[in-house]
Amino acid sequence: MKPLITSSLMAVGAFLLAAGPALVAAQTSTSTGGPASAPAVDQHGPTIKDAYGKLFLIGTAGDIPGNYSSDELRLIKENFTVVTPENCMKPGPVHPEADTWNFQRPDALVKWCQDNDIAIHGHTLVWHGQTGNWFFQDANKEVLTQRLKDHISTLVGRYKGKIRSWDVVNEAINDGGNAQTAGTENLRRSNWLKIMGPDFLPLAFKFAHEADPKAKLFYNDYNIEAGAKHRSSMVLLKRLIKEGAPIYGVGIQGHWTTGRVPFAEIDKAISDYASLGLKVSISELDLTIRGASGGQLGGGGGRGARRNTPASPQDLKAQADDYAKLFSIFVKHKESIDRVTFWGLNDRRTWRFGQNPLIFDSNNLRKPAYVAIVDAMLHPNHDLANPAR
Ligand code: XIL
């Protein structure tokens with residue numbers, strides 16, 4: 001669940017509507033919370049969909065249409081070609097008990113996307129998080145395999161032909177790998193692994209493929225672009241391919257921090273995955289602004305809106321520069337990139353609330369990052385696209 005539009009935002013919106021365009025222009029320069037001297041951002045240039053729509057899918061995550069305002073829904077239609085349900089198709093929300101399915105929000109999302117000609121990326125079939133305990137209760141390998149199969153065939157089957165791609169397994173690799181673990185899959189000790197062993201991965205892919213043979217199937221994880229976890233991801237993906245799992249691509253989540261983005265590793269990781277014959281998605285992109293809050297994650301997860309911490313013009317510029325570098329790399333790899341999806345819509349609807357990570361501010365206005373991303377496509381810069389390794 002995302003933070004609701006608070007009454008204060010609605011009040012700001014109503015005030016702006018009443019005050020007319022002049023005030024909207026003034027608000028542009030201060031809307032991210034920065035001082036009045038923050039540079040005004042052009043709100044009317046080409047959209048990111050104009051700039052990138054022909055290269056790869058460009059997406060946003062959210063449980064739309066839900067409580068989204070008409071402004072927000074318009075923003076989605078104008079800017080994005082694909083939507084990922086942020087929570088409503090995860091095992092916990094959609095299938096909280098063996099005999100309980102909550103299809104209302106997923107159905108509404110699928111209908112809205114179809115009505116508006118926007119593709120859907122399903123998220124996520126197998127995960128250690130947001131998954132009801134009932135899956136694992138009194139389960140041996142056989143019982144859990146059957147529950148997994150029922151879960152996947154019901155969910156993927158319901159939206160057969162409507163959801164173009166799925167994250168089949170999410171975050172199966174351990175954090176904190178080292179030289180020893182790097183040559184192994186280093187799988188997380190989840191209930192899936194404990195009860196089913198490493199077979200749970202290829203089996204999940206098999207069940208998803210049986211339920212919708214045309215859906216494109218992904219393995220999705222964070223921090224897999226660098227270090228020991230990257231090497232483990234290569235070991236795991238090679239096994240899946242060898243065992244005949246119908247895997248189409250790998251999602252690099254992309255929850256990064258301004259000033260600390262591992263550009264060279266990202267550049268190399270995309271090439272590494274492509275060399276296995278896989279497509280790559282940047283599946284959950286957001287770039288927090290360093291120092292903008294305590295750094296806590298998940299602050300926006302439905303526990304009410306916290307005060308948004310102001311970002312300085314310098315912060316916004318540094319964030320824009322890093323986004324421009326990232327997109328320059330993505331353009332260079334466009335043949336291998338399936339999709340780039342932002343994790344949220346604006347700096348209010350984000351799980352990293354308070355850290356200003358996205359390209360629209362809390363009032364749905366374009367931030368400097370937005371313009372920098374469009375510019376990276378319209379005016380390619382070789383140096384940005386080729387970070388030193
Ligand atoms: C997050 C959502 O954004 C939050 O609203 C929720 O409270 C927790 O999950 N990796 C993933 C996503 O694959 O599903 C997570 O989404 C963020 C990290």
Side-chain angles (χ1 to χ4, degrees), residues 28-52 55-56 58-60 79 222-223 225-226 252-270 280 282-293 295 308-334 337 340-347 350 352 354-362 365-389:
T28 304
S29 59
T30 58
S31 57
T32 48
S37 61
V41 176
D42 175 15
Q43 298 295 322
H44 303 290
T47 65
I48 46 169
K49 181 156 105 177
D50 295 335
Y52 289 92
L55 300 192
F56 38 71
I58 183 104
T60 180
N79 286 283
Y222 61 92
N223 288 353
E225 61 277 3
I252 298 173
Q253 289 188 2
H255 297 294
W256 291 308
T257 298
T258 300
R260 290 198 269 134
V261 182
F263 295 109
E265 286 87 348
I266 295 165
D267 184 28
K268 178 173 178 299
I270 297 171
V280 177
I282 310 301
S283 55
E284 307 186 10
L285 180 58
D286 54 11
L287 258 187
T288 55
I289 286 184
R290 170 185 40 84
S293 78
N308 203 8
T309 316
S312 70
Q314 291 80 359
D315 286 337
L316 294 170
K317 167 85 170 58
Q319 180 185 49
D321 288 350
D322 278 3
Y323 265 123
K325 275 192 213 166
L326 273 175
F327 274 78
S328 302
I329 294 170
F330 303 156
V331 171
K332 184 179 74 176
H333 290 285
K334 61 180 187 294
I337 302 268
V340 177
T341 290
F342 294 91
W343 202 246
L345 178 62
N346 55 39
D347 282 344
T350 158
R352 303 173 109 185
Q355 299 184 93
N356 307 287
L358 294 173
I359 59 173
F360 293 104
D361 70 14
S362 301
L365 295 172
R366 297 177 183 187
K367 292 166 60 182
Y370 185 105
V371 178
I373 289 172
V374 171
D375 209 49
M377 172 60 198
L378 300 183
H379 308 286
N381 175 326
H382 178 267
D383 292 340
L384 292 188
N386 293 285
R389 287 194 185 164

Side chain to side chain, [X] and [Y], heavy atoms closer than 4.5 Å:
X: L358; Y: L345; result: no
X: L326; Y: I282; result: no
X: W256; Y: P262; result: yes
X: Y52; Y: I373; result: yes
X: N223; Y: E225; result: yes
X: R366; Y: V374; result: no
X: V280; Y: I252; result: yes
X: I270; Y: K332; result: no

Restricting to non-hydrogen atoms, name the atom on [X] and the atom on [Y] that form the minimum distance, rounded to 0.1 Å.
X: A376; Y: A324; answer: CB-O, 3.7 Å
X: G45; Y: D42; answer: N-OD2, 3.5 Å
X: D267; Y: P387; answer: OD2-CD, 3.9 Å
X: S328; Y: L384; answer: OG-CB, 3.6 Å
X: I337; Y: V340; answer: CG2-CG2, 3.9 Å
X: P46; Y: L378; answer: CG-CD1, 3.9 Å

Residues H255, D286; criterion side-chain contact (heavy atoms from CB on, under 4.5 Å); working and verdict: CA-CA 5 Å; H255 297 294; D286 54 11; 2.8 Å; yes
Classify the ring geometry of Y370 against F360: parallel below 30°, tilted from 30° to 60°, perpendicular beyond 60°.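 Correct class here is tilted.
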Check the angle between the aromatic planes of F327 and Y323 and answer parallel, tilted or perpendicular using the 30° and 60° thresholds.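 Rings of F327 and Y323: tilted, as their planes differ by 30° to 60°.
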When rounded to the nearest 0.5 angstrom, what is the spacing between [atom1] in [X] and [atom2] in [Y]?
X: L287; Y: R352; atom1: CG; atom2: CZ; result: 8.5 Å
X: K325; Y: N381; atom1: NZ; atom2: CG; result: 10.0 Å
X: T60; Y: F342; atom1: OG1; atom2: CZ; result: 8.5 Å

Restricting to side-chain hydrogen bond (donor to acceptor under 3.5 Å, both in side chains), what partner residues turn up for K268, sequence neighbours left out?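 K268 satisfies side-chain hydrogen bond (donor to acceptor under 3.5 Å, both in side chains) with D272 only.
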Using a 3.5 Å distance criterion without hydrogens, assess whether the side chain of [X] forms a donor-acceptor pair with backbone atoms of [Y].
X: D375; Y: A372; answer: no
X: Q319; Y: N356; answer: yes
X: N79; Y: T47; answer: no

Run the numbers on L316 and V41 for side-chain contact (heavy atoms from CB on, under 4.5 Å), then give the verdict. CA-CA 11 Å; L316 294 170; V41 176; over 6 Å; no
Are more than 12 heavy atoms from other residues, nucleotides or ligands located less than 6.0 Å from atom NZ of K317?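 No, not enclosed.
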Cut-off 3.5 Å, side chains only: do T341 and S283 have a donor facing an acceptor?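 There is no such pair (donor and acceptor under 3.5 Å, judged by atom type) between the side chains of T341 and S283.
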